[in-house]
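The structure presented is a predicted model; accordingly, all values stated were derived computationally and were not measured. Indexing begins at 1, ligand by ligand and atom by atom, following the structure's order.
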Amino acid sequence: MSHTLFISDLHLCPTRPAVNELFFHFLRAEAPKADALYILGDLFEYWIGDDDMETGLNAEVVVSLRALSDSGTPVYFMHGNRDFLIGERFAEATDIRLLADPTLVELHGKRVLLMHGDTLCADDVDYQRFRTTVRSPEWQSAFLARPLEERRKEVEEMRRRSEASKREKPMAIMDVSLSTIEAALRIFAYPPLLIHGHTHRPGRHRVELDGHECTRIVLADWNESGAKFMRLGEAGESGECD
Ligand code: MN
């Protein structure tokens, strides 16, 4: 059956080898059966630049994604808030196609809006300010010009600060804002399906808006318990988002 697969929030890193193995197995066993694979951000726990993909886990991921691309399954990648520095060199090495956030696609006769999800958390003003800074070309070129080890230390420090501030923030602030979802659906003329990740709150939500109906699917984050992917085909969607 013709179908498309969606994953996000794997947070691959050397300290979670079991999750990394689940991903490699998913790429070998499940993904080749699909028409396409969409990775909607936070594939990696962090990414400090495309000059850090020659060794270790990053090199293994490059080889595995490349094998899937070469076998004829196109792979699309949207940046998450952890791996927004993935660039053209990674895209060329893996033969993945980089997607803007948001992107509207037509799949199996349905218009589908794709996002990572962090832009939907509009009530988290501190995070949105941080995001504006780190997504600017000026910040990125200055950061990427620094030595690799310095960048690694800086990102580890940023992760520590982010973990600490998350503990102090009320949960509601870190979830999606309904008015921001509605604004996105209006801009894209009411797509019947919105798929995003980021919040680690997998689920399926119905949004009724201006006389239109939309289903918002939140993809699951990955952990040791198994591969979490969503499948979309002619008959609808199924998978690990309930
Ligand atoms: Mn995220």
Side-chain angles (χ1 to χ4, degrees), residues 5-16 19-20 22-23 26 37-49 57-58 61 65 75-87 90 96 98-103 112-136 139-140 143 154-178 180-181 184 194-205 216-225 227-230 239-241:
L5 294 176
F6 300 85
I7 56 174
S8 74
D9 301 281
L10 290 84
H11 295 271
L12 302 179
C13 63
T15 55
R16 301 207 305 167
V19 176
N20 305 337
L22 285 171
F23 177 57
F26 166 80
L37 169 65
Y38 285 79
I39 304 172
L40 298 185
D42 288 356
L43 173 63
F44 294 97
E45 174 70 2
Y46 62 91
W47 190 260
I48 56 175
L57 172 66
N58 293 353
V61 172
L65 282 173
V75 182
Y76 297 89
F77 179 85
M78 184 179 283
H79 291 122
N81 54 302
R82 305 298 196 119
D83 49 16
F84 60 87
L85 283 173
I86 281 181
F90 181 87
I96 59 167
L98 297 176
L99 297 177
D101 182 358
T103 287
V112 185
L113 183 59
L114 307 175
M115 306 176 93
H116 174 58
D118 57 328
T119 56
L120 295 173
C121 303
D123 297 333
D124 193 343
V125 178
D126 292 345
Y127 169 69
Q128 295 303 334
R129 196 180 298 130
F130 169 80
R131 187 182 193 278
T132 304
T133 304
V134 300
R135 296 297 180 103
S136 73
W139 186 91
Q140 295 195 358
F143 183 78
E154 168 78 20
V155 164
E156 272 159 21
E157 184 51 36
M158 280 179 350
R159 285 165 71 208
R160 261 195 298 279
R161 280 199 300 266
S162 143
E163 284 307 313
S165 88
K166 269 198 268 180
R167 277 194 292 275
E168 288 165 12
K169 279 180 200 169
M171 286 303 266
I173 282 188
M174 293 187 290
D175 202 359
V176 294
S177 125
L178 187 58
T180 309
I181 290 168
L194 162 63
I195 305 174
H196 70 83
H198 178 66
T199 60
H200 298 198
R201 294 176 191 195
R204 183 183 271 107
H205 307 270
R216 176 172 70 93
I217 289 177
V218 187
L219 300 173
D221 55 302
W222 286 43
N223 54 42
E224 283 78 4
S225 70
K228 307 284 173 60
F229 54 89
M230 195 205 111
E240 300 268 354
C241 53

Indicate whether the side chain of Asp221 and that of His11 have a donor and an acceptor atom separated by less than 3.5 Å.
-> no
Rounding to 0.5 Å, atoms CG (Leu40) and CD1 (Ile217) come to a distance of 11.0 Å
Validation: residues 161-168 side-chain donor-acceptor distances under 3.5 Å, sequence neighbours left out:
unit_1, atom_1, unit_2, atom_2, d
Glu163, OE2, Lys166, NZ, 3.3
Ser165, OG, Ser162, O, 3.4

For Asn20, the side chain to side chain contact (heavy atoms under 4.5 Å, CB included) test, sequence neighbours excluded, returns Leu12, Phe24, Leu57
TODO: Establish, from distance only, whether the side-chain atoms of His79 and Asp101 form a donor-acceptor pair under 3.5 Å.
DONE: no
Under 2.8 Å from the Mn ion (ligand 1), protein N/O/S atoms total 4
The ring pair (Phe, Tyr, Trp, His ring centres under 6.0 Å) partners of Phe23 (sequence neighbours excluded) come to none
